[in-house]
Amino acid sequence: MSDAKVTPLRKAQPCPECGRPSTRDNYPFCSDRCRSVDLNRWLVGGYAIPVTEVEENQDEDQDDRG
């Protein structure tokens, strides 16, 4: 095998956790640590889409129309 430099598949982007340049092995993160921190946030529900509460009266009004 030759020791030629391998061209990265993707351009290095800032790590979403710490801002350092991403690596090929851990893309889009810079390290296994940052990747694990992000995974932990997903697993404990740290990333969630906010939901607005719907009033119960609106559901009852729709049932009375029919």
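The first residue in the sequence is number 1, and the count goes up from there. It should be emphasised that the depicted structure is a prediction, and the values quoted were computed from it without experimental measurement.
- Nearest approach of Ser31 to Arg20, heavy atoms of both residues: OG-NH2, 4.5 Å.
- Alongside Tyr47, the hydrophobic cluster contains Trp42 (criterion: ILVMFWY side chains under 4.5 Å).
- Pairing each heavy atom of Cys30 with each of Cys15, the nearest pair is N-SG, 3.6 Å.
- Using a 4.5 Å heavy-atom cutoff, the side chains of Leu39 and Arg35 are not in contact.
- In terms of the side chain to side chain contact (heavy atoms under 4.5 Å, CB included) criterion, residue partners of Ser22 (sequence neighbours excluded) are, by chain and number, Ala12, Gln13, Tyr27.
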